[in-house]
Number of protein chains: 2
Amino acid sequence: MAKRSALQRGVGVALWRQIADGIRQGIATGLADETGRLPPEAELAQRFGVNRHTIRAAISALAHEGVLRSQQGRGTFVRRQKRLVYPIGERTRFSAGLSDQAHETRSEMLSSSIETAADPIAFALGLEPGDRTIRIETLGNADGVPVSRSTSWFSEARFPGIADVYSRVGSMTEALEACGVTDYRRASTGVEARHADESDTQELQLAPGAIVIVTRAMNSDLSGVPIQYSVTRFPADRVELVIRGDGATFEGPQLGS
Amino acid sequence: MAKRSALQRGVGVALWRQIADGIRQGIATGLADETGRLPPEAELAQRFGVNRHTIRAAISALAHEGVLRSQQGRGTFVRRQKRLVYPIGERTRFSAGLSDQAHETRSEMLSSSIETAADPIAFALGLEPGDRTIRIETLGNADGVPVSRSTSWFSEARFPGIADVYSRVGSMTEALEACGVTDYRRASTGVEARHADESDTQELQLAPGAIVIVTRAMNSDLSGVPIQYSVTRFPADRVELVIRGDGATFEGPQLGS
DNA sequence: CAAAATTTGTGCGTATGTATC
DNA sequence: TGATACATACGCACAAATTTT
């Protein structure tokens, strides 16, 4: 077993939170045994070099977050084990990529509105500043757990009723089909990562200090005309992106975790 | 300007660090003016709703980190403004993608070693467990700032002298060429994000609590035979990935930052 | 079935870090 | 600069639930 990375004091991040992140990370790399049971608090305390109270604070945070569950006398157990793999490629779609990894995947529309296109979005969609766009907010679930939170823009002139259709069918692919787009492609995807802000922690049910992966995506129709610009936030501890993989993913080593 | 996200007390992350992260994020979205000057501390204190001491602690941390520089009587200034865009596609290469964004990009070999292939890497490279691999550690720089930290594995049988060649030429593409690989393609890329650990903070010169984007990549030759497996860590506040973009990237809105 | 060992839950005192005023 | 309040972390002790002997 590799030596656990050293904790740092006095850097503005409490030890219990660093440990919570360490445990969360460790779960993916064999910290818990095959039954999902974590080592006892005393052992974790020794391994991390802290007091048992500090371990308990970390576990308490993860339990509150739904990652762990403790039982007096029995131990502490992992609730969810694996990360979802979200494939990104020319034919990226929400449900198609996840349906084989979870029992139930659902994309739900939260709200929609009409906006005057500001500069960057107008440029991305090939509109004039001042043209009207439809903005749609969606939440992606896998087995009841939020795994993505998207904001999408469409040209209102081209897709006037897309919000209504989408709210009924719950699938972007089907909604676009109903608007005359038989097929579309992912033209480009930007990827960033940052700390979750307040809206992330609420909408994705995250712990404060959690990490979100942010993608900015352009979808175009087959003739290359942009049809959709969207910004999506993924919880970094529940989702992993895979680019141009055929769905298979190697379980490579983590390196420094 | 969107309302700044509320700070939270008692969540294991000190206010000054939350603010430091907020400022770091805000720099990318117009917190500083065109000269790179930040609003005065008093104004920041009011905007974040904290005492000026707390703002000073945040600025001090960012200054120590090299992001800001304060001058008595003049103000506080941003040192680096934009994030590097690291393109990922079929023909992903290090220097080619960055050379137009920085004056000097360099990839430097830190060390190399010979390892017996463990399960996941052997599988990824199409080797038998027990076959020998060459492991190469590299650091990517752009204008003197670390922007990537990679660990790569190759089959020793196929590329016996690749470490020596690479350490001389400083380019993976050229090193592979010298070993008979005229061209190669990125077969798949896995993307995750996590907090920086101790080795990240040292090797990439990051602040504790910073975020790293981790990619796990497979490169194959033109006949589809895997030749390289690598794990790369990028500082999330210095680098942004773009997938299958032609290099152009839209400056879309950040949404919740 | 009973006793011992294991493991989580709780209480208290103290020292230090964080944030305000 | 101090004074104050709260959060964080430690150390020790013991209670309660569960498993093992």
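Naming: A, B, ... by sequence-line order, numbering from 1 per chain.
Applying the 4.0 Å criterion to OP1 and OP2 of dC21(C), one finds that Arg52(B) has every side-chain N and O outside that range. The side chain of Thr76(A) places an N or O atom within less than 4.0 Å of a non-bridging phosphate oxygen (OP1 or OP2) of dT8(C).
Taking atom CZ of residue Arg17(B) and atom P of nucleotide dA19(C), one finds them 11 Å apart after rounding to whole Å. Distance, Arg37(A) CZ to dT8(C) C1': 10 Å, rounded to whole Å. Atom-to-atom, CG of Leu15(B) to P of dT8(D) comes out at 10 Å; the value is rounded to the nearest Å. Summarising the geometry, the separation between CD on Gln46(A) and P on dT7(C) is reported as 13 Å, rounded to the nearest angstrom. Distance Asp33(A) CG to dT7(C) P: 12 Å, rounded to the nearest Å. In this entry the distance linking CG of Leu44(A) with C1' of dT8(C) reads 12 Å, nearest Å. If you take CD1 of Ile55(A) and C1' of dC10(D), they are 13 Å apart, rounded to a whole angstrom. If you measure from atom CD of Gln18(B) to atom C1' of dA7(D), you get 13 Å, rounded to the nearest angstrom.
For Arg149(B) and Glu108(B), the salt-bridge test fails: no basic side-chain N is under 4.0 Å from an acidic carboxylate O. By the 4.0 Å N-to-carboxylate-O rule, Arg56(A) lies close enough to Glu41(A) to be salt-bridged with it.
For the pair Ala42(B) and Arg52(B), the tightest heavy-atom approach, listed with the atom from each and the gap, is N-CD, 4.1 Å. Nearest heavy atom pair, residue Arg47(A) against residue Pro39(A), reads NH2-CG, 3.7 Å. Of all heavy-atom pairs spanning Ser230(A) and Ser152(A), the tightest one is CB-OG, 3.2 Å.
Among dT8(C), dT20(C), dG11(D), the nucleotide with an atom closest to any side-chain atom of Asn51(B) is dT20(C). In this structure, the nucleotide among dG9(C), dT20(C), dA9(D) sitting nearest to the side chain of Thr54(A) is dA9(D). Distances from the side chain of Val50(A) to the nucleotides dC10(D), dT8(D), dT20(C) place dC10(D) closest.
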Where protein sits on nucleotides 15-21 of chain D, one letter per nucleotide: B base, S sugar-phosphate only, - none, heavy atoms under 4.0 Å: -BBSS--
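Across all strands shown, dC1(C) remains unpaired; no Watson-Crick or G-U wobble contact has both distances below 3.5 Å.
Atom CD of Gln71(A) has more than 12 neighbouring heavy atoms from other residues, nucleotides or ligands inside a 6.0 Å radius.
Taking OH of Tyr86(B) as the start and CG of Leu241(B) as the end, the distance is 8.5 Å to the nearest 0.5 Å.
Residue order along DNA chain D, read from the 5' end via each residue's closest nucleotide, puts His53(B) first among Gly49(A) and His53(B).
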